[in-house]
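Per chain, numbering begins at 1; letters A, B, ... match sequence-line order. Atom set for the values below is all heavy atoms of this structure, side chains included, hydrogens, waters and symmetry mates excluded.
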Number of protein chains: 2
Amino acid sequence: MSTAQETTGGDVEPWEEVTPDAARRLLVAAVEAFAERGYHATTTRDIAGRAGMSPAALYIHYKTKEELLHRISRIGHDKALDILRTAARREGTAAERLADAVGSFVRWHAGRRTTARVVQYELDALGPEARAEIVALRRQVDAEVRGIIEDGVASGEFDVPDVQGTTLAVLSLCIDVARWFNVNGPRTPEEVGALYADLVLRMVGAG
Amino acid sequence: MSTAQETTGGDVEPWEEVTPDAARRLLVAAVEAFAERGYHATTTRDIAGRAGMSPAALYIHYKTKEELLHRISRIGHDKALDILRTAARREGTAAERLADAVGSFVRWHAGRRTTARVVQYELDALGPEARAEIVALRRQVDAEVRGIIEDGVASGEFDVPDVQGTTLAVLSLCIDVARWFNVNGPRTPEEVGALYADLVLRMVGAG
DNA sequence: GGCTCGGCTAAGCGCCCGCTCACCGTCGGC
DNA sequence: GCCGACGGTGAGCGGGCGCTTAGCCGAGCC
């Protein structure tokens with residue numbers, strides 16, 4: 001189980017920061033619908049129906065369908081960044097911190113797959129300003145992982161010829177979990193997290 | 001440049017097997033539109049417009065919009081599988097064959113990014129029968145890569161505790177290139193292919 | 001020259017989309 | 001007991017969707 005923490009599954013039901021209750025139910029319904037069919041293929045009638053409300057109710061809590069996606073994407077990226085920061089800033093060697101970061105990041109992408117799918121794959125559906133805000137968060141995500149790898153190179157733990165390229169590959173590997181992970185498949189999020197932490201340590205020459 | 005071949009960029013303009021000319025123009029227009037905005041967000045009017053034709057012209061050559069996606073997906077998967085097979089069945093050590101497979105597979109995903117995006121990310125938009133056909137092709141893709149890794153383990157070249165999981169990760173890494181690769185970015189498809197071949201050899205313990 | 005026929009277009013059908021608006025039930029405050 | 005505020009609904013608007021149909025045009029054949 002490597003360095004499992006409560007960073008992923010331990011916290012209470014997510015979206016608790018969204019109030020009032022009806023707004024949260026609509027948002028959770030939208031996450032499910034967007035993850036299943038994609039943003040453009042999801043209708044406002046479908047979202048409202050999943051939340052047990054009439055189509056018009058959506059517009060009491062959100063100005064447009066796009067605002068729903070924006071809120072989901074913002075909260076999701078905040079959470080993902082928080083997970084990475086927690087791992088990056090703990091004590092330990094660079095290898096321990098990288099394994100922890102990859103493990104918890106992967107557990108989140110697998111365990112909260114519906115959210116992660118929307119967060120990672122529906123960026124292009126946002127308008128220019130909203131997209132710019134999210135892109136800034138992604139740059140911070142990149143910086144956290146790159147920081148750990150740079151630390152490992154500086155301390156001699158890692159052997160990495162192309163730090164930026166390797167950072168990109170590590171993040172790409174983790175993010176793509178949201179595309180293929182199957183809740184009914186043979187692997188648990190914990191198992192995938194442990195496997196990926198090992199693979200990434202090998203990629204940086206610390207395996 | 002490692003073991004660069006003409007498997008990717010060297011072949012003539014793709015889609016040459018699609019005839020007549022008008023049908024090919026529509027299909028190329030559809031690939032561009034689907035890659036930019038996604039299948040569901042693309043209208044038949046947009047596709048026809050890009051091909052310089054009226055909306056009705058599409059239905060002379062294709063029964064539905066979904067048939068267009070099916071044809072694109074089928075041809076694209078055939079091409080991707082062909083690239084992998086060529087690398088997997090050449091002569092050489094398992095490490096050479098794996099590096100060649102990853103390098104050429106990545107070069108295709110980066111160099112023909114628009115096609116790869118549609119092929120890899122619009123699978124869910126297909127109906128059940130079409131999707132089943134494509135899923136069967138993907139299993140063959142998986143089998144090719146797994147075969148090389150198994151060869152390397154058998155010969156003692158590789159050290160891989162979880163062959164199926166590592167195969168999944170290698171393919172995931174390559175496929176996700178189609179999501180993030182930017183034609184105007186700092187890296188060429190060849191550079192990414194070489195970087196990824198190196199990273200994958202490290203993942204299997206042959207770096 | 002007349003005929004056929006495949007490729008293509010203009011027009012439009014029926015449907016469903018995102019979103020709005022007039023209205024309504026409930027509930028705390030006085 | 002009345003009132004305003006809030007959260008909700010039913011009906012529907014304007015428009016764009018995938019797709020169809022009637023008919024036009026030019027090339028090939030006799």
Participant: Which parts of residues 122-131 of chain A get close to DNA chain D, meaning a heavy atom less than 4.0 angstrom away?
Facilitator: none
Participant: In whole angstroms, how far is the P atom of C/dG18 from the CD1 atom of A/Ile47?
Facilitator: 8 Å
Participant: By nearest heavy atom, map A/Arg45 and B/Ala22 onto DNA chain C; which one lands nearer the 5' end?
Facilitator: B/Ala22
Participant: Using the rule given for side-chain contact (heavy atoms from CB on, under 4.5 Å), can you reason through B/Thr44 versus B/Leu68, listing the C-alpha separation, both sets of side-chain angles and the distance that settles it, and then say yes or no?
Facilitator: CA-CA 10 Å; B/Thr44 54; B/Leu68 255 172; over 6 Å; no
Participant: Expressed as a whole number of angstroms, how long is the span from B/Asp21:CG to C/dG6:P?
Facilitator: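 These atoms are roughly 19 Å apart.
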Participant: Can you check whether A/Asp78 reaches A/Arg74 side chain to side chain, under 4.5 Å on heavy atoms?
Facilitator: yes
Participant: Could you state the atom-to-atom distance from CG of A/Leu68 to C1' of C/dG18 in whole Å?
Facilitator: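 It is 13 Å, rounded to the nearest whole Å.
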Participant: Step by step, work out the side chain to side chain donor-acceptor pair (under 3.5 Å) result for A/Arg85 and A/Gln140.
Facilitator: CA-CA 10 Å; A/Arg85 275 212 235 269; A/Gln140 294 182 55; 2.9 Å; yes
Participant: Hey, does B/Asp46 have a side-chain heavy atom less than 4.5 Å from the side chain of B/Arg37?
Facilitator: yes
Participant: Measure the distance from CD1 on B/Ile60 to P on C/dG7 and round it to the nearest whole Å.
Facilitator: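 Interatomic distance, CD1 of B/Ile60 to P of C/dG7: 7 Å.
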Participant: Between B/Glu191 (side chain only) and B/Thr188 (backbone N and O only), is there a donor and an acceptor less than 3.5 Å apart?
Facilitator: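 Yes: the side chain of B/Glu191 pairs with the backbone of B/Thr188.
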Participant: Evaluate B/Arg89 against B/Asp82 for salt bridge (charged side-chain N to carboxylate O under 4.0 Å, His left out), listing each step before the verdict.
Facilitator: CA-CA 11 Å; B/Arg89 299 179 181 181; B/Asp82 180 60; over 6 Å; no
Participant: Counting only heavy atoms and a strict 4.0 angstrom limit, can you tell me which residues of residues 48-59 of chain B come near DNA chain D?
Facilitator: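 Correct list: B/Ala56, B/Tyr59.
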Participant: OP1 or OP2 of C/dC8 versus the side-chain N and O atoms of B/His61: is any pair under 4.0 Å?
Facilitator: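 Checking B/His61 against C/dC8: at least one side-chain N or O falls below 4.0 Å of OP1 or OP2.
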Participant: Describe, in one word, how the ring planes of B/Phe105 and B/His109 are oriented to each other, choosing from parallel (under 30°), tilted (30 to 60°) and perpendicular (over 60°).
Facilitator: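 It falls in the perpendicular class, over 60°.
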Participant: Distance check needed: C/dC17 P versus A/His40 NE2, whole Å only.
Facilitator: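 Atom-to-atom, A/His40 to C/dC17, this comes out as 15 Å.
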Participant: Ignoring hydrogens and angles, tell me if any N or O in the side chain of A/Ser73 forms a donor-acceptor pair with the backbone of A/Leu69 under 3.5 Å.
Facilitator: no
Participant: For DNA chain D, which nucleotides open and close the run of contacts to chain A, 5' to 3', at under 4.0 angstrom from a non-hydrogen atom?
Facilitator: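 Contact boundaries, 5' end first: D/dG8 to D/dG12.
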Participant: Could you tell me whether a side-chain N or O of B/Arg25 sits under 3.5 Å from a main-chain N or O of B/Ala51, the two making a donor and an acceptor?
Facilitator: yes
Participant: Could you state the CD-C1' distance from A/Glu66 to C/dG18, rounded to the nearest angstrom?
Facilitator: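 Atom CD in A/Glu66 sits about 13 Å away from atom C1' in C/dG18.
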Participant: Hey, what do you get for CE (A/Met53) to CD1 (A/Ile47), rounding to the nearest 0.5 Å?
Facilitator: 12.5 Å
Participant: If we ignore angles and hydrogens, is there a donor and acceptor under 3.5 Å between the side chains of B/His40 and B/Glu122?
Facilitator: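 No, because no side-chain N or O of B/His40 sits under 3.5 Å from a partner of the opposite role on B/Glu122.
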Participant: In whole angstrom, give the distance that lies between atom NZ of A/Lys63 and atom C1' of C/dT20.
Facilitator: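 Between C1' of C/dT20 and NZ of A/Lys63: 16 Å.
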